[in-house]
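I have placed the structure first, in the form of C-alpha cells, so that the comments after it can refer back to it.
To find a chain, count down the sequence lines: A is the first, B the second, and so on, and within it residues start at 1. Computed from a predicted structure; not experimentally measured.
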Amino acid sequence: MRIFNTLTHQIEPFKPVHPGTVNMYVCGPTVYNYIHIGNARPVIFFDVVRRTFEYLGYTVNFVSNFTDVDDKIITRAKELETDEITLTQRFIKAFLDDAERLGSSTKYMAPKATEYMQPIIHYIEQLIEKGHAYEVEGDVYFDVKKSDDYGLLSNRQIDEQELGARIAINDKKRHPLDFTLWKKTEEGLKFDSPWGQGRPGWHTECAAMIDDIFGEKIDIHGGGVDLVFPHHENEIAQAHALHHHHLANIWMHNGHLQINDGKMSKSEGDVILVKDLTVDPMGFRLLTLGTYYRAPLMFNDEALNTYTNEWERIKRTYSQAFYALDLMEMLDGEAKNYPEIETFHDQFIEAMTDDFNTANALSHLYGLVKLLNQKLREDNAYDILLAAFNNLKIMFSILGLRVPLKRLSKADRNMYHAWKDARRNRDFERADQLREKLTERGILH
RNA sequence: GGUCCCGUAGCCAAGUGGCUAAGGCAGCGGACUGCAACUCCGCCAUCGUCGGUUCGAAUCCGAUCGGGACCUCCA
C-alpha cells in the first residue's frame, strides 16, 4: 500500500504502527445543518480507505468525531428557535442517515465534543503546564511561537502570512496566529473549567480525542484539504508540544468538489444537499470514485447523469448475473479459477493500493463487467460467470457499492420458465405479459 | 504579498521520461433481436501555448495564457 502523505508531500509505503492494524481518525462534521455533496466526498472516500484496508486483512479502528459545540451551532439553534442539544441530535441523525444512503458504513466510533469535556480540559491543562499555552481573562490560547516547526504540514512561514487582512486581530493573543484552546462563553452551552465557564476551541477537540482514544500516535488522519491550515496544523502543534510527535504518521486530504467552476461552500448558498439528491445515491458514489481523491471533483448535471447511467449499467449486469446463477442454483457453488478474471482482480487491487486510485480501479471493474456481459450472452458459461460474479462482488464491497437483491422464489422461477416457454412457442402476447411482471420483480431488465 | 493545485478527444477522467496516450459517457458504423430494451464487435485525441533539457516528454525545466484553492469558519 502506498499513500500520499501531506506531511512529507510525497507518496510513501504504508507501515502501520502495529502490524495488522490501522488506527485512523477522520475529522467529522460540525452538526448544525444537513451535509452537502461536497461534504459527502470524504464521507465516501475515507469509507473506501477503510474498506480497502479491511479487504487486505487489517483490523481498522475508525474514529470520526461530531463537533457539537460551536458558534455556528449557537447561531443556528437561535435561527431555528431550538436548543443546541436538540439541534445537534437532529443533525447527527441526519448525517448518519445521509452516510448510510451514500453507502458508507456508520459503524465506527463517533465521539462527541460535549462528551469529551474532561479529556479536553485535561489536555489544555497539560499544554499550559508545559508552557505552550497561556490564559488571558478566561480564554486560553496556544502559543504558536513556542513551536519550532509550526507550518510544517501546510508549508507556511508564520511571518509571511498576510495577518489580519480580513479578520480583526485579537489583541489578547501574543501572536495573531495563536489559536483558542478554551473560550470564555456568555451564551450557549458552557462547561466548568479551571479558567471559568466556557467551551473548548475546535482544534483541541480532535487532538484530545485521539489522545484519549488511542493514547499514542495513530496511522492515518484524514479530512478535506481545507483543513490542512489551520486545523490540522494546529492539531500537530498541540501533539508535538505534548508528546513530541506529529499525531499521525500519514495525513491524507481529499480535494474539493467544484460546482459551477468554483468551490461549493456553505457560506455562499450555492449548495446541493445530499438529502436532496434525486438520483440513486450509488450513482453519486460512483461519480465520486471516478476522480482521484486528491484532484478537484468537477460536479455538474451531465457528470451526475453519466455516472448514474453508468451505475444503472453495472447494476443491470450484476443483477442479471445474480439471477442467471440463481436460476441454475449455482450462487453458493465453489468458483473455479480463471486467469483472466484473476487479472482483473489483481489490477483492481493494484490500483486501490496505489494511493487509492479509484479511477483506475473502476476501469478494471468495467472490464470485468464487460466480461460478465459477454458470458451472459453465451449459453453455457456458468462456471466462469460465477467466478466473475464473485469477483465483481469483491470490488463492490471494497468500493461500498451495493445492489440489494433477493433470491428467486419458486413462483419467480416458474414465471421465468413460463416466459422462456412462451417465447419458444412464439406466444408473444403472453411472453410480453410475463416479461413485464418479471421486470416489475426486478428479475429482468 | 505568501503557499499550492490544475489545464489530456464534444463531456468526465487515468497516465507524470520510452511499446501503437487507460477507462467511461456521447457520437458514428456493424451484429444480436418477434418488437423493444439490454448486450456485443469496430471506429473516434499527440496531451493550453512557446521555448529548452534529453537518444526519447503529455510526463523534467523556463516563459506565457487560462482556471482554481488556501492564508478567516469551511469537507
Presence of donor-acceptor pair under 3.5 Å, side chain of Asn360(A) and base of G15(B): no
Counting the atoms with a prime plus P, OP1 and OP2 as sugar-phosphate, which does Phe45(A) contact under 4.0 Å by heavy atoms, base, sugar-phosphate, or nothing? nothing
Students often get this wrong, so: under 4.0 angstrom with heavy atoms, is Asn309(A) touching a base, only sugar-phosphate, or nothing? nothing
Look at all strands and tell whether Arg316(A) reaches a base, only sugar-phosphate, or nothing, counting heavy atoms closer than 4.0 Å. sugar-phosphate
Would you indicate which nucleotide in U72(B), C40(B), U39(B) comes nearest to any side-chain atom of Arg313(A)? U39(B)
Do the rings of Phe322(A) and Phe389(A) sit parallel, tilted or perpendicular, given the 30° and 60° boundaries? tilted
Report the relative orientation of the aromatic rings in Phe179(A) and Tyr150(A); use parallel for angles under 30°, tilted for 30 to 60°, perpendicular for over 60°. parallel
Taking only the P atom of each, what is the distance from G29(B) to C47(B) in whole angstrom? 29 Å
Classify the nucleic acid contact of Gly367(A) as base, sugar-phosphate or nothing, counting any heavy atom under 4.0 Å across all strands shown. nothing
Would you check if Asn391(A) and Leu368(A) make a side-chain contact, meaning some heavy-atom pair closer than 4.5 Å? yes
Gap between atoms CG and P, on Asp301(A) and C11(B) respectively (whole Å): 16 Å
With respect to the side chain of Met298(A), which nucleotide from G34(B), C73(B), A13(B) is positioned closest? A13(B)
Please tell me if the side chains of Lys437(A) and Met415(A) come closer than 4.5 Å, counting only heavy atoms from C-beta onward. yes
Selection from C35(B), C38(B), A14(B) that lies nearest to any side-chain heavy atom of Gln320(A): C38(B)
When rounded to the nearest Å, what value does the distance between P atoms of C6(B) and C61(B) take? 11 Å
Decide ring pair (Phe, Tyr, Trp, His ring centres under 6.0 Å) for Phe66(A) and Phe91(A); before the verdict, give the C-alpha distance in whole Å, the side-chain angles of both, and the deciding distance to 0.1 Å. CA-CA 10 Å; Phe66(A) 284 116; Phe91(A) 286 117; over 10 Å; no
Would you state whether a donor and an acceptor, one from the side chain of Arg435(A) and one from the base of C35(B), lie under 3.5 Å apart? yes
Taking CD from Glu205(A) and C1' from C73(B), how many angstroms apart are they, rounded to a whole number? 14 Å
With a 4.0 Å cut-off on heavy atoms, is Pro29(A) in touch with a base, just the backbone sugar-phosphate, or nothing at all? nothing
Please report the distance separating the P of C12(B) from the corresponding atom of A63(B), rounded so that it comes out in whole Å. 29 Å
Nucleotide opposite G62(B) in a Watson-Crick or G-U pair, distances under 3.5 Å: C50(B)
Rounded distance [0.5 Å steps], CD in Glu340(A) versus NE2 in His345(A): 15.0 Å
When you compare G27(B) with C38(B), how far apart are their P atoms, in angstrom units rounded to a whole number? 11 Å
Classify the nucleic acid contact of Asn155(A) as base, sugar-phosphate or nothing, counting any heavy atom under 4.0 Å across all strands shown. sugar-phosphate
Where the side chain of Glu302(A) is defined as all heavy atoms beyond and including C-beta, which of A75(B), C25(B), C11(B) is the nearest nucleotide? C11(B)
If you find the nucleotide of RNA chain B closest to Asp432(A) and the one closest to Ala40(A), which residue's nucleotide is nearer the 5' end? Asp432(A)
Considering only the P atoms, how many Å lie between G24(B) and G48(B), rounded to the nearest integer? 23 Å
For the side chain of Ser363(A), starting at C-beta, report the closest nucleotide among G23(B), G24(B), C74(B). G23(B)
Distance between P atoms of G34(B) and C43(B) (Å, rounded): 28 Å
